[in-house]
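Have a look at the structure below before the remarks.
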Amino acid sequence: MTMNSEDKHSTMQRAHMDTNPNTEAGASVVDQLGRPLRDLRISVTDQCNFRCRYCMPEEIFGADYPFLQEDKLLSFDEIERLARLFVSIGVKKLRITGGEPLLRRNLPQLIQQLASIQGVEDIALTTNGSLLKRHAHDLKKAGLQRVAVSLDSLNDKTFGAINGRGFKTKPVLEGIEAAKEAGLQVKVNMVVQRGVNDQDILPMAHYFFEKGHILRFIEFMDVGNANKWRLDQVVPSKEIQEMIHKELPLEPLESNYTGEVAKRYRYKGTDKEVGFISSVTQTFCSTCTRARISADGTLYTCLFASQGTDLREQLRSDTSDQKLISFIQTTWNKREDRYSELRSNDTIKKDRKVEMSHIGG
Ligand code: SAM
Ligand code: SF4
Ligand code: SF4
């Protein structure tokens, strides 16, 4: 007997419920492809002090750009409430992002509020690192566990051109060290673009090998509409891995958990690691358990979504927790997103996608 898609879906959902620790609370939720909701990325601002060419090019995000007014941003209490509700239906990990999240005033206060939520296993932050030195200690004290610092080159000229504002690498490198000294787990993320910073792959690998920080190479993605992405600008992870292997031999490692986006390798004969996030050449939609909330409280179920669902209005009316939970569950339950798997399919390319700086990667 063959199953129709509805039967298949409810079978997947049942199978998931049977093994899900949240089943007793009756609250867990899976999407149309059987993927549970486990991670929540929260953008706390759409503003940034950088103008990375691939994310917020100056000619689009210039002085006249209509960034969100203060009253449109979710408050810390609204973010905390949402996070609590998401955790009650299965989210375990929170990641704070932006824009540049360290531009949001009193961020450690938010971290402290999130750390107080029962059931949160992990709180991480993604940052460009330029302001990290100043805040690392307070963030750690507030309960932050991990930080991912974005750095695309060690060369000031290249870095300044990529970040669009001539920022030098020194503050970022100091931020990385300050985060480590504060006791945060640190990873460094490098987006590689052919003809822009591929010459920096080996210097970055050597530098962070010596420093003992995990470096992850990220394939340049067609997020948003502003960055004029072309496939020939993507340097496939395999190529990068082979390049490094010739100088610093690598061996593959097992994933830490199902759905880990980075493929991990160890430098042979050491316990030092490097990772590859191959969102273009080796997609990972089938295990994608991530939801995203933009700084204005819109829920997105995919990085490449063209539309989100407003939560702010409901937070600001007297909608009950239970109603909000059912709304989020229904939204996740309807989710069918798998953009990266379908990237080469022409029909999905036509929609306008949400900008990366709006939802934070
Ligand atoms: N401002 C913070 C930062 O740069 O880390 C957080 C927000 S930023 C949008 C999050 C991550 O997205 C950064 O690591 C950035 O390099 C990455 N990113 C932005 N645009 C990208 C693109 N087109 N392809 C791949 N990664 C991108
Ligand atoms: Fe800012 Fe991060 Fe986007 Fe660069 S990648 S412009 S640092 S939000
Ligand atoms: Fe997840 Fe969408 Fe990325 Fe696929 S394309 S991994 S569904 S965010």
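Counting starts at 1 for both ligands and their atoms, in listed order.
- For ligand 2, the atoms closer than 4.0 angstrom to any heavy atom of G99 are 8 (S).
- Counting heavy-atom neighbours within 6.0 Å of D232 CG, excluding the residue itself, gives a total above 12.
- At a heavy-atom cutoff of 4.0 Å, ligand 1 is contacted by the side chain of T97 but not by its backbone.
- At the top of the distance list for atom 7 (S) of ligand 3, counting protein heavy atoms only, stands D337 O, 3.6 Å.
- Between the side chain of T319 and the main chain of K323, no donor-acceptor pair closer than 3.5 Å is present.
- Considering only non-hydrogen protein atoms, atom 4 (Fe) of ligand 3 sits nearest to C285 SG, 2.3 Å.
- For D46 against A295, the heavy-atom pair with the smallest separation is N-CB, 4.1 Å.
- The number of heavy-atom neighbours closer than 6.0 Å to NZ of K263, taken from other residues, nucleotides and ligands shown, is 12 or below.
- The cationic atom of K157 (NZ for Lys, CZ for Arg) does not lie both less than 6.0 Å from the six-membered ring centre of F167 and within 45° of the ring axis.
- For Q118, the CD atom counts as loosely surrounded, since its 6.0 Å shell holds 12 or fewer non-hydrogen atoms of other residues, nucleotides or ligands.
- Of all protein atoms, those that are N, O or S and lie under 2.8 Å from atom 4 (Fe) of ligand 2 total 1.
- Nearest protein neighbour of atom 17 (C) of ligand 1, counting heavy atoms only, is M356 CE, 3.8 Å.
- Against a heavy-atom cut-off of under 4.0 Å, Y339 is close to the following atoms of ligand 3: 5 (S).
- With respect to R84 and E80, a salt bridge is recorded, a charged nitrogen being found less than 4.0 Å from a carboxylate O.
- Annotation: cation-pi geometry satisfied between K272 and F209 (NZ/CZ under 6.0 angstrom from ring centroid, within 45° of ring axis).
- Under a 4.0 Å heavy-atom criterion, C52 is not in contact with ligand 1.
- Shown are V261, L215, I244; of these, the side-chain contact (heavy atoms from CB on, under 4.5 Å) with F276 is made only by I244.
- For residue C288, an N/O/S atom approaches atom 1 (Fe) of ligand 3 to within less than 2.8 Å.
- Listed by number with element, the atoms of ligand 1 under 4.0 Å from a non-hydrogen atom of V191 are 16 (O), 25 (C), 26 (N), 27 (C).
- Residue S340 approaches ligand 3 through these ligand atoms, each under 4.0 Å from one of its heavy atoms: 5 (S).
- Taking distance alone, with nitrogen or oxygen atoms compared against 3.5 Å, A148 stays at or beyond that limit from ligand 1.
- Of the possible polar contacts, none joining the Q314 side chain to the L311 backbone as a donor-acceptor pair under 3.5 Å is found.
- For ligand 3 and F284, the ligand atoms under 4.0 Å from any heavy atom of the residue are 6 (S).
- Atom 8 (S) of ligand 3 has L303 N, 3.3 Å as its closest protein atom, hydrogens excluded (heavy atom only).
- Of all atoms in ligand 1, listed by their number and element, those nearer than 4.0 Å to a heavy atom of E219 are 25 (C).
- Per-residue contacts place F304 under 4.0 angstrom from the following atoms of ligand 3 (heavy atoms of the residue considered): 5 (S).
- Looking only at protein heavy atoms, the nearest one to atom 14 (O) of ligand 1 is S150 OG, 2.7 Å.
- Panel note: side chain Q145, backbone I123; a donor-acceptor pair is recorded below 3.5 Å.
- Side chain of W332 to main chain of T301: no donor-acceptor pair is present (N/O by atom type, distance under 3.5 Å, no hydrogens or angles).
- The environment of CD in E59 is crowded: more than 12 heavy-atom neighbours from other residues, nucleotides or ligands sit within 6.0 Å.
- Of the possible polar contacts, one joining the R104 side chain to the V44 backbone as a donor-acceptor pair under 3.5 Å is found.
- Side chain of R51 to main chain of F61: a donor-acceptor pair is present (N/O by atom type, distance under 3.5 Å, no hydrogens or angles).
- In summary, the atoms of ligand 1 found under 4.0 Å from a heavy atom of E100, numbered by their order in the structure, are 1 (N), 2 (C).
- With a heavy-atom cut-off of 4.0 Å, R292 touches ligand 3 through its side chain alone.
- Remark: minimum distance from atom 23 (N) of ligand 1 to any protein heavy atom is reached at M221 O, 3.0 Å.
- Residues R316 and E78 are paired through a salt bridge, judged by an N-O separation under 4.0 Å between the basic side chain and the carboxylate.
- Side-chain contact of T281 with E219: a donor-acceptor pair under 3.5 Å is present, judged by distance alone.
- Nearest protein heavy-atom contact of atom 20 (N) of ligand 1 is Y54 CD1, 3.2 Å.
- Considering only non-hydrogen protein atoms, atom 2 (Fe) of ligand 3 sits nearest to C302 SG, 2.3 Å.
- From the protein, the heavy atom lying nearest to atom 8 (S) of ligand 1 is G360 O, 4.3 Å.
- Ligand-side atoms of ligand 1 in range of T126: 2 (C), 5 (O), 6 (C), 10 (C), range being under 4.0 angstrom from any heavy atom.
- Closest protein heavy atom to atom 1 (N) of ligand 1: G99 O, 3.0 Å.
- Ligand 1 has no nitrogen or oxygen under 3.5 angstrom from a nitrogen or oxygen of D152.
- With salt bridges taken as basic N to acidic carboxylate O contacts below 4.0 Å, one links E273 and R264.
- Side-chain N or O atoms of D198 include one that pairs as donor or acceptor with a backbone N or O of G195 at under 3.5 Å.
- For the pair T127 and ligand 1, the shortest N or O to N or O distance falls below 3.5 Å.
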